Trainee: 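Got a structure for you, written out below as structure tokens; questions coming shortly.
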Amino acid sequence: MRARGAILGRAYNVNDVLALLGDAGFDPDEISLDGPLIEWRGGGAWAWDPGEGN
């Protein structure tokens, strides 16, 4: 995952996305996962492969 040109880490679920953005200084309560500021590749906010991650 990248924000402002910096690599933040790898997200395996929506909670990871919010945590990484929070660590980068974004307010997780004000992030719209379906908004125009997030570019999803291979799916969207709710399309995760259950075999990935943990």
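Given the structure is predicted, the values throughout are model-derived calculations rather than measurements.
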Trainee: Ignoring hydrogens and angles, write down the donor-acceptor pairs under 3.5 Å from the side chains of residues 19-36, residues two or more places apart or on other chains.
Mentor:
unit_1 : atom_1 : unit_2 : atom_2 : d
Asp27  : OD1    : Asp29  : N      : 3.0
Ser32  : OG     : Gly35  : N      : 3.2

Trainee: Nearest 0.5 Å please: distance from the CG atom of Leu8 over to the CZ atom of Arg2.
Mentor: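 Answer rounded to 0.5 Å: 9.5 Å.
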Trainee: Applying side-chain contact (heavy atoms from CB on, under 4.5 Å), run through Val17 and Tyr12 and close with a yes or a no.
Mentor: CA-CA 8 Å; Val17 171; Tyr12 293 100; over 6 Å; no
